[in-house]
Structure formats: structure tokens, C-alpha cells
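Report on one structure; see the data block that follows.
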Amino acid sequence: MPKSANENFIHDPASRKKLRSGPSVQRSYVRFHNTTERKVSILWITYEGKPAKYATLDPGHFFDTNTYVSHPWVFRDAASGDELVADRHEVYYPAEMQPRQSNRHKVNITIPVYSLRNRAFQILRKLVKQEDVLLLELPLSLQEEFAVSDDYSVLAGASP
């Protein structure tokens, strides 16, 4: 589901509900590891459902954080805003720490398999100015969707 530039929250793709952090006392200690060749924006979804940028990871680097099991996290390409996945999930929910567990949960950030449509939009964003989309010989519905959509670029620059 494309994210509009006017949208200030993220939907859980599985349920299509507004995604937000909930109350929790169950701690989780995680290590987000960027296994891509891209810089990655790590975004925590606040109690209001807004993305809060926690870190930008260089390729191959990791970020340790203490969080809670009801706190969702999402990951975006820092340059393009393209969606990335954590352990093959669009939204990462931390796992509960087990008794006597001393190490962090390792979470691998990777590039998903994009649909042909999404990949085409990624390429168009790189090659065509938004105001020039209407000049392309594309179906009107795609032109309109692309012209009003920033996909995830709004999220790439989100801050707390």
C-alpha cells in the first residue's frame, strides 16, 4: 500500500490497522544489523503512530537498542525511502527476553523482493521529476498515483 505524503502514520500491512506502540513492561534487547549495501534509517513507531528516526546505519554496521515487545520498528533506505525488511517482516516486533538470556536478539535488515510495480516506481523516482510524470505514456491511474505519492520518502527523513 503506497504511503501518501500527507499520511503521518504507518499501517501494519498484515492487518491494515494503524500501527503504533502500546504499553508494555516486557523488555527486549535487540541488535539491528544492516546486511544491505544501502544506508538504512531505523524508525520506531511512537504511541501516536508516527515514525521516530533512531539511527542511520551504514552497510554492514549494527545498532543496539533496548525496547519493549509492543513497540514496532520499520526500516527504510535512507536515500530513497524504499521499504526494507527485518528478519523478512515489513514491521518488526521485538521478542520477549527469556529468563537468564544475556545476549541481544539479532535482527537482520535486508532488501525485500519488490513487486514489479513497486520496483518500477523506484526507478521512475530516480529518473523522472515528479512534475514530469504526466508527460509519460502511462495509464492515467498510475500517473495520478505516482504524482501524489512519495511512497516512503516521507519516512526516510522522519525524526523523533
Side-chain angles (χ1 to χ4, degrees), residues 1-126 145 148-160:
M1 169 178 199
K3 308 301 185 266
S4 163
N6 298 326
E7 219 170 296
N8 64 353
F9 59 86
I10 301 173
H11 291 279
D12 181 342
S15 67
R16 300 275 189 225
K17 293 181 182 176
K18 184 175 177 182
L19 190 60
R20 63 178 63 215
S21 286
S24 179
V25 295
Q26 297 173 316
R27 293 181 182 212
S28 185
Y29 306 105
V30 297
R31 170 170 284 182
F32 296 121
H33 181 226
N34 179 4
T35 64
T36 75
E37 294 183 9
R38 305 175 181 196
K39 282 191 174 189
V40 173
S41 293
I42 297 177
L43 305 163
W44 169 61
I45 307 304
T46 68
Y47 297 101
E48 293 78 32
K50 296 180 180 179
K53 189 173 185 178
Y54 258 63
T56 301
L57 283 181
D58 286 325
H61 287 97
F62 63 86
F63 174 72
D64 291 339
T65 191
N66 301 340
T67 186
Y68 294 89
V69 297
S70 65
H71 291 191
W73 296 80
V74 295
F75 308 87
R76 302 291 184 255
D77 180 306
S80 69
D82 292 335
E83 179 180 285
L84 302 173
V85 294
D87 289 346
R88 296 178 298 195
H89 297 283
E90 294 175 35
V91 178
Y92 174 74
Y93 288 93
E96 183 179 351
M97 297 300 290
Q98 301 302 317
R100 299 186 183 178
Q101 181 178 351
S102 61
N103 57 338
R104 293 181 176 275
H105 293 286
K106 185 176 179 189
V107 180
N108 290 315
I109 302 167
T110 58
I111 299 172
V113 176
Y114 295 113
S115 70
L116 180 58
R117 183 183 159 285
N118 285 349
R119 186 65 184 133
F121 270 26
Q122 291 170 1
I123 299 300
L124 281 174
R125 276 200 317 262
K126 289 181 182 177
E145 184 177 348
V148 298
S149 171
D150 279 341
D151 281 355
Y152 302 111
S153 60
V154 170
L155 301 176
S159 59

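Quick caveat: nothing in here was measured; it's all calculated off a predicted structure.
Ser115 OG to Phe121 CZ: the interatomic distance, rounded to the nearest 0.5 Å, is 9.5 Å. Atom CG of Asp87 sits about 8.0 Å away from atom OG1 of Thr110, to the nearest 0.5 Å. The CG atom of Leu84 sits 12.5 Å away from atom CG of Asn108, with the distance rounded to the nearest 0.5 Å. To the nearest 0.5 Å, atom CE of residue Met97 and atom CG of residue Asn103 are 6.5 Å apart. The structure places NZ of Lys50 at 10.5 Å from CZ of Arg20, a figure rounded to the nearest 0.5 Å.
When atom types are taken as modelled, the side chain of Thr35 and the backbone of Ile109 share a donor-acceptor pair closer than 3.5 angstrom. Not a single donor-acceptor pair under 3.5 Å links the side chain of Tyr68 to the backbone N or O of Gly22. Arg104 places a side-chain N or O within 3.5 Å of a backbone atom of Thr65 that can act as its donor or acceptor partner. Side-chain N or O atoms of Arg31 include none that pairs as donor or acceptor with a backbone N or O of Lys106 at under 3.5 Å. In this structure, the side chain of Ser28 engages the main chain of Ala95 through a donor-acceptor pair within 3.5 Å. Of the possible polar contacts, none joining the Asp58 side chain to the His61 backbone as a donor-acceptor pair under 3.5 Å is found.
Minimum heavy-atom separation, Ile45 to Pro51: CD1-CA, 4.0 Å. Listed here is the closest heavy atom pair of Val85 and Ile111: CG2-C, 4.4 Å. Nearest heavy-atom pair across Asn66 and Tyr29 is OD1-CD2, 2.9 Å. Ala86 and Tyr92 get closest at one heavy-atom pair: CB-CB, 3.9 Å. The two residues Lys53 and Ser41 come nearest to each other via the heavy atoms CE-OG, 3.5 Å. The two residues Ser70 and Ser24 make their nearest non-hydrogen contact at OG-CB, 3.1 Å.
Between His71 and Tyr47, the ring-plane angle classifies as perpendicular under the 30° and 60° cut-offs. Ring orientation note: the planes of Trp73 and Tyr54 are nearly perpendicular, at an angle over 60° on the 30°/60° scale.
A 6.0 Å sphere centred on CG of Leu116 holds no more than 12 heavy atoms belonging to other residues, nucleotides or ligands.
Here the side chains of Val40 and Phe32 are not in contact, with every heavy-atom distance at 4.5 Å or above. Contact check for Ile42 versus Thr56: no side-chain heavy atoms found under the 4.5 Å cut-off. In this structure the side chain of Asp82 reaches within 4.5 angstrom of the side chain of Arg38, judged on heavy atoms. Between Leu43 and Arg76, the closest side-chain pair of non-hydrogen atoms falls below 4.5 Å.
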